[in-house]
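Labels below follow one simple rule: chain letters A, B, ... track the order of the sequence lines, proteins then strands, and each chain is numbered from 1.
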Number of protein chains: 2
Amino acid sequence: MSNSRRKSEPVDPKEVPKAVVSRLSLYLRELQHLLAAGHATTSSGRLGRQLGFTDAQVRRDLAYFGHFGQPGVGYRCGELIAAIRSILGTDRRWRVVIVGVGNLGRALIGYKGFGSQGFNIVAAVDVDPSITGREVEGVPVYPLDQLDSIVREQGVELGLVAVPAATAQKAADSLVTAGVTGILNFAPVTLNLPDDVSHVGVDLATELEQLCFSVANRGSQP
Amino acid sequence: MSNSRRKSEPVDPKEVPKAVVSRLSLYLRELQHLLAAGHATTSSGRLGRQLGFTDAQVRRDLAYFGHFGQPGVGYRCGELIAAIRSILGTDRRWRVVIVGVGNLGRALIGYKGFGSQGFNIVAAVDVDPSITGREVEGVPVYPLDQLDSIVREQGVELGLVAVPAATAQKAADSLVTAGVTGILNFAPVTLNLPDDVSHVGVDLATELEQLCFSVANRGSQP
DNA sequence: CCGTGTGAAATCGTTCACAGCC
DNA sequence: GGCTGTGAACGATTTCACACGG
């Protein structure tokens with residue numbers, strides 16, 4: 001499994017820079033907006049301008065994965081959307097479980113953007129007995145100790161951690177034990193996880209701090 | 001205003017890589033945990049190991065801003081926390097307003113992590129008359145058209161956009177008109193803003209897509 | 001003529017390795 | 001002995017610039 005080079009897979013996904021993958025998501029989002037607005041095609045220049053990148057950057061990013069454009073024409077929005085979804089892995093649906101049904105957990109359960117991008121929230125779990133046994137926005141809430149059977153029986157692959165910092169590591173451990181292979185962590189701690197479980201952290205306070213630094217030092221796009 | 005070099009400000013903040021600033025937030029978070037756990041000092045090696053970085057990276061990052069450690073000893077947690085807060089600009093409190101009191105807006109209003117890191121949510125606004133006039137978790141909710149006076153009278157500097165994608169640009173424009181200087185955007189769109197307004201975007205679906213890619217291509221730390 | 005895909009060059013960020021200090 | 005701060009080497013990513021295709 002070294003460097004094969006089939007028609008649309010020029011490189012091993014592992015050697016694609018992380019930054020490229022995150023821009024891919026932005027391209028996807030913008031392309032969906034463009035398509036919804038009636039544009040059948042676009043170009044690297046246009047796409048880049050709308051997102052604040054150069055045309056060369058857009059072309060180079062896409063070139064990691066194949067040849068998607070037509071010289072003189074640009075990219076067909078519909079085709080490129082399908083291609084990026086296939087690259088990201090969101091050309092199929094993923095089953096997701098949420099741990100923690102506090103304010104944030106509830107907001108995540110109700111967030112429409114997940115469903116539209118390929119994610120099914122199949123269940124939530126919480127320690128608080130006053131909330132378990134009900135449904136929140138159509139998603140059933142179970143006690144924590146049922147996590148194992150939920151993940152196994154429903155084939156859940158991803159877990160969202162939406163509990164306080166103090167219990168986040170335990171929540172993540174439970175998810176790993178239950179068998180999920182990816183974790184999106186909203187608690188303000190760095191999780192310690194086995195290498196075969198992927199994870200991404202989103203820290204709301206941290207994001208505000210980045211904004212602060214940027215404001216305190218004048219301007220984000222100089 | 002070229003390269004001055006005062007005692008603890010070796011570089012112009014503008015030429016600090018974005019990645020460095022985002023790691024600074026992680027250092028801060030970890031240092032706070034360390035201090036709370038009773039550690040008075042730490043070292044670049046320890047701090048890095050806990051976060052998945054090398055010791056050299058930690059030292060290099062901090063060296064952008066000054067000399068904070070003692071050879072042979074390491075860093076005093078309390079002092080380094082204060083230094084990083086000063087760099088990020090969170091050594092004072094920032095006033096924040098939230099636009100949009102749906103599921104996500106409510107979760108943000110109730111999020112304890114903001115207050116503990118220096119952010120005061122002073123008000124929220126929404127178009128829905130059935131929610132305005134009340135308080136949510138102690139934060140007053142006003143009609144949208146009062147945004148201007150709220151920002152002006154309370155000296156609000158930052159705005160959080162927690163409305164659907166379709167109205168996010170309008171919400172952001174209103175914030176800019178009202179006078180905020182930084183925007184944290186949770187809507188899945190790229191905002192078009194004047195250069196003198198900083199912004200950071202957090203797209204929940206995008207984060208899940210990154211996770212997907214990582215899972216679909218085996219392992220996050222190979 | 002416009003726009004892609006891509007070597008080659010330039011830029012940027014990370015790691016190495018070590019002098020100096022506690 | 002342990003640890004910081006930092007030039008210098010290295011590796012990675014971005015930008016340039018142009019040959020080729022519709």
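For A/Glu79, the side chain to side chain contact (heavy atoms under 4.5 Å, CB included) partners two or more places apart in sequence, or in a different chain, are A/Arg76. Residues satisfying the side chain to side chain contact (heavy atoms under 4.5 Å, CB included) test with B/Ile109, not counting sequence neighbours, are B/Ile98, B/Val101, B/Ala124, B/Val136, B/Glu137, B/Val139. For the side chain to side chain contact (heavy atoms under 4.5 Å, CB included) test, residues two or more places apart in sequence or in another chain that qualify with A/Ser86 are A/Asp91. With sequence neighbours left out, the side chain to side chain donor-acceptor pair (under 3.5 Å) criterion links A/Arg93 to A/Asn120. Checked against side chain to side chain contact (heavy atoms under 4.5 Å, CB included), B/Pro71 has no partners two or more places apart in sequence or in another chain. Every residue two or more places apart in sequence or in another chain that forms a ring-ring contact (aromatic ring centres under 6.0 Å, His included) with A/Phe114 is listed here: A/Tyr111.
Taking side-chain N and O atoms only, B/Gln57 has a distance below 4.0 Å to OP1 or OP2 of C/dT15. Distances shown here put a side-chain N or O of B/His67 below 4.0 Å from the OP1 or OP2 atom of D/dT6.
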Give me, pair by pair, the N or O atoms of the protein and of nucleotides 1-3 of chain D that are less than 3.5 Å apart, along with how far apart they are.
| unit_1 | atom_1 | unit_2 | atom_2 | d |
| --- | --- | --- | --- | --- |
| D/dG2 | N2 | B/Gly72 | N | 3.2 |
| D/dC3 | O4' | B/Gly72 | N | 3.2 |
| D/dC3 | O2 | B/Gly72 | N | 3.3 |

Tabulate atom names and distances for all N/O pairs under 3.5 angstrom spanning the protein and nucleotides 8-10 of chain C.
| unit_1 | atom_1 | unit_2 | atom_2 | d |
| --- | --- | --- | --- | --- |
| C/dA8 | N6 | A/Arg60 | NH2 | 3.0 |

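Applying the salt bridge (charged side-chain N to carboxylate O under 4.0 Å, His left out) test to every pair with at least one member in residues 26-37 of chain B, sequence neighbours left out, gives these pairs: A/Asp203-B/Arg29.
Rounded to whole Å, the distance from CG on B/Asp55 to C1' on C/dC18 is 13 Å. Look at OH on A/Tyr64: it is 14 Å from C1' on C/dG5, rounded to the nearest Å. Rounded to an integer number of Å, the gap from A/Leu62 CG to D/dT14 P is 13 Å.
Listed in residue order, the members of residues 17-35 of chain B having a heavy atom less than 4.0 Å from DNA chain C are B/Pro17, B/Arg23. For residues 46-54 of chain B, proximity to DNA chain C is found at B/Thr54, defined as any non-hydrogen atom under 4.0 angstrom from a strand atom.
Side-chain contact, B/Ser44 with B/Arg59: a donor N or O sits under 3.5 Å from an acceptor N or O.
In this structure, the side chain of B/Gln210 engages the main chain of A/Ser22 through a donor-acceptor pair within 3.5 Å. Here the side chain of A/Asn103 pairs no donor or acceptor atom with the backbone of A/Ala107 at under 3.5 angstrom.
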Report all side-chain donor-acceptor pairs from residues 160-169 of chain A shorter than 3.5 Å, counting only partners two or more places apart or in another chain.
| unit_1 | atom_1 | unit_2 | atom_2 | d |
| --- | --- | --- | --- | --- |
| A/Thr167 | OG1 | A/Pro164 | O | 3.3 |
| A/Gln169 | OE1 | A/Asn192 | N | 2.9 |
| A/Gln169 | NE2 | A/Asp173 | OD1 | 2.9 |
| A/Gln169 | NE2 | A/Asn192 | O | 3.0 |

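Closest of all the heavy-atom pairs between B/Val97 and B/Leu175 is CG1-CD2, 3.7 Å.
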